[in-house]
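Notes follow the structure.
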Amino acid sequence: GEKYTQAVELIKGKKYAEAIPLMEEVLSMADAAGMQGEELTASAQQMLPQLYYSYAGSMIQAKNPAEALTNFEKAVELAEKYNNQRVLVNAKEWVGKSYLSLGGDAFNNKNFAEATEIFAKGYAVAPNNTDLAINLATSYAEMNDYDKAYETFREIIALEQHGDKYK
């Protein structure tokens, strides 16, 4: 309980990097306590993905997209594990945006092989992110891999079936 209270105080102060290990410790201790720690376990399981998501957001603000990406991916992993759909949806969106940012740097530097690799990773996580898909297809085309570019553009066109926002 004390660790949980400490973690909550750190969260209030937006000290997510410090709160994460405390909340992980709370979860570990609550799991070990069994039935006595059931309520604490449930609370920590819901908070931990949000903590990683919040910390990743602070890394975006600090202009550290690589660190943000690592923590958004951890938020996705934990949100899936603990069935936190709100964090899962938001974190997946930001994983895509993070890959888009990192891939854009490589693309702008004409390092199309690296850009393709980065965009492909992001597209695998966020297949409805048309910006990622277009950049991936364009990177393939820049590398003269027209078959993969064509295939990716066809996948983008197929998204139209999911609604007007994809037209």
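For Q61, there are no side-chain contact (heavy atoms from CB on, under 4.5 Å) partners at least two apart in sequence or on another chain. Partners of Y16 under the ring pair (Phe, Tyr, Trp, His ring centres under 6.0 Å) rule, at least two apart in sequence or in another chain, do not exist in this structure. Not a single side chain to side chain donor-acceptor pair (under 3.5 Å) links E151 to another residue, sequence neighbours left out. For A44, the side-chain contact (heavy atoms from CB on, under 4.5 Å) partners are M23, V26, L27, not counting sequence neighbours. Residues that satisfy the ring pair (Phe, Tyr, Trp, His ring centres under 6.0 Å) test with F72, not counting sequence neighbours, are Y53, W94. With sequence neighbours left out, S101 forms a side chain to side chain donor-acceptor pair (under 3.5 Å) with no residue at all. When the side-chain contact (heavy atoms from CB on, under 4.5 Å) test is applied to K12, the partners found at least two apart in sequence or on another chain are V8, E9.
Residue pairs that meet the salt bridge (charged side-chain N to carboxylate O under 4.0 Å, His left out) test with at least one member in residues 116-128, sequence neighbours left out, are E117-K121. Residue pairs meeting the salt bridge (charged side-chain N to carboxylate O under 4.0 Å, His left out) criterion with at least one partner in residues 42-62, sequence neighbours excluded, are absent.
Residue I157 belongs to no hydrophobic cluster, having no ILVMFWY side-chain heavy atom closer than 4.5 Å to its own. With side-chain heavy atoms closer than 4.5 Å counting as contact, directly or through intermediates, the hydrophobic cluster containing L10 also holds L22.
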Atom pairs and distances, donor-acceptor, side-chain atoms in residues 107-114, under 3.5 Å, two or more places apart:
unit_1: N108; atom_1: ND2; unit_2: G104; atom_2: O; d: 3.2
unit_1: N109; atom_1: ND2; unit_2: D105; atom_2: O; d: 3.0
unit_1: N111; atom_1: OD1; unit_2: E114; atom_2: N; d: 3.2
unit_1: N111; atom_1: ND2; unit_2: E114; atom_2: OE1; d: 2.8

